[in-house]
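Notes follow once the structure below has been shown.
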Amino acid sequence: MPAHAIGNYERMSVREADPTAEGIGQILEARDVALGRYTTVRRFLPARTRRLIGPWCFVDHFGPDDVTAGRGMWVPPHPHTGLQTVTWLLSGEVLHRDSLGSSQVVRPGQLNLMTAGRGIAHAEESVAGNDEALHGLQLWIALPPDARDGAPRFDHYADLPELVVDGSRVVVVLGEVAGLRSPATTFSPLVGAHIELGESPVVLPTDPGFEYGVLVVDGSVSVGGVLTHAGSLRYLPPGHQELRLAADGDATLFLVGGPPFETPLVMWWNFVGPDHESVAAARDDWAAGRRFGNVVGFDGAAMPAPTMPSVRLLARNRDGSSQG
Ligand code: MN
């Protein structure tokens with residue numbers, strides 16, 4: 001890693017955020033959503049007027065949840081199209097099974113990356129015998145038009161590159177940070193990084209063509225000089241050469257970013273597609289047992305396909321607007 005690529009600076013002055021200020025970026029608060037039967041997640045994306053950050057179209061944060069009292073995570077087989085799913089844990093374990101025959105436990109510091117392409121089904125559940133609190137993220141990446149109908153695949157990365165600078169640690173989960181590149185398979189420019197901040201402020205080089213989101217998982221962090229608390233996601237518009245981060249004590253963050261995604265998308269249930277017809281066809285194929293294959297080994301029935309809304313689904317731009 002080049003020494004100039006990442007560095008620490010004197011502790012910056014910190015101001016409270018104006019959540020509407022464009023220059024310093026907007027704060028996105030999460031809403032609670034039920035996932036499977038026993039897990040509630042905090043969903044940051046899609047938000048009403050910000051559907052994506054780069055190609056990242058879905059950001060869920062869950063836990064820490066006590067898994068000794070109940071079943072923990074228990075998400076029956078369900079289909080996906082047009083996206084990649086990123087499962088990233090901070091503690092606990094999750095077992096992934098999919099219709100390609102994959103069966104993989106993901107642990108903290110490891111990446112489970114599922115590429116749906118034209119269609120895959122998977123199930124996720126807590127691992128029996130593991131009593132650690134379940135805490136993590138599930139993120140979706142919208143596939144670009146030339147990859148959305150590609151073959152499904154599943155990849156597990158147990159070892160990811162990391163930078164350690166002045167007591168802070170940056171794990172490059174996807175894409176590249178400061179010249180260090182993740183081995184993860186991606187289909188458009190993007191970055192995803194897990195950051196543990198120590199006492200010293202850190203400056204990461206950023207791509208001026210990227211927009212970014214900084215999800216504060218734990219602690220309070222000055223993001224570009226603006227205080228951001230745990231449970232908030234700060235959006236940063238394109239145009240910046242660097243990202244200055246300073247924690248008030250220890251803090252854990254997850255950084256997502258990429259060039260603004262210019263393709264309008266329909267997102268409905270577990271499907272991402274270009275239009276109403278593609279999503280309706282995926283829904284009908286799941287209901288009829290076509291296309292997605294079977295998830296073997298899960299002790300329970302697959303998720304039924306919900307009824308399509310009576311109105312036509314609109315492809316939306318990243319700001320929530322639509323042509324129709
Ligand atoms: Mn899923």
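Note that ligands are numbered from 1 as they come in the structure, with each ligand's atoms numbered from 1 the same way.
Cation-pi check for R50 over Y235 is met; the charged atom lies under 6.0 angstrom from the ring centroid and within 45 degrees of its normal.
A donor atom on one side chain and an acceptor atom on the other are not found under 3.5 Å apart for E242 and H240. Side-chain atoms of N112 and H156 form a donor-acceptor pair, as typed in the model, at a separation below 3.5 Å.
Counting only protein N, O or S atoms closer than 2.8 Å to the Mn ion (ligand 1) gives 3.
Scanning for salt bridge (charged side-chain N to carboxylate O under 4.0 Å, His left out) contacts around R148 gives an empty result, with sequence neighbours left out.
Checked against the 6.0 Å centroid threshold, W140 and H80 count as a close aromatic pair.
Using a 4.5 Å cut-off on side-chain heavy atoms (C-beta onward), L180 and P161 make contact.
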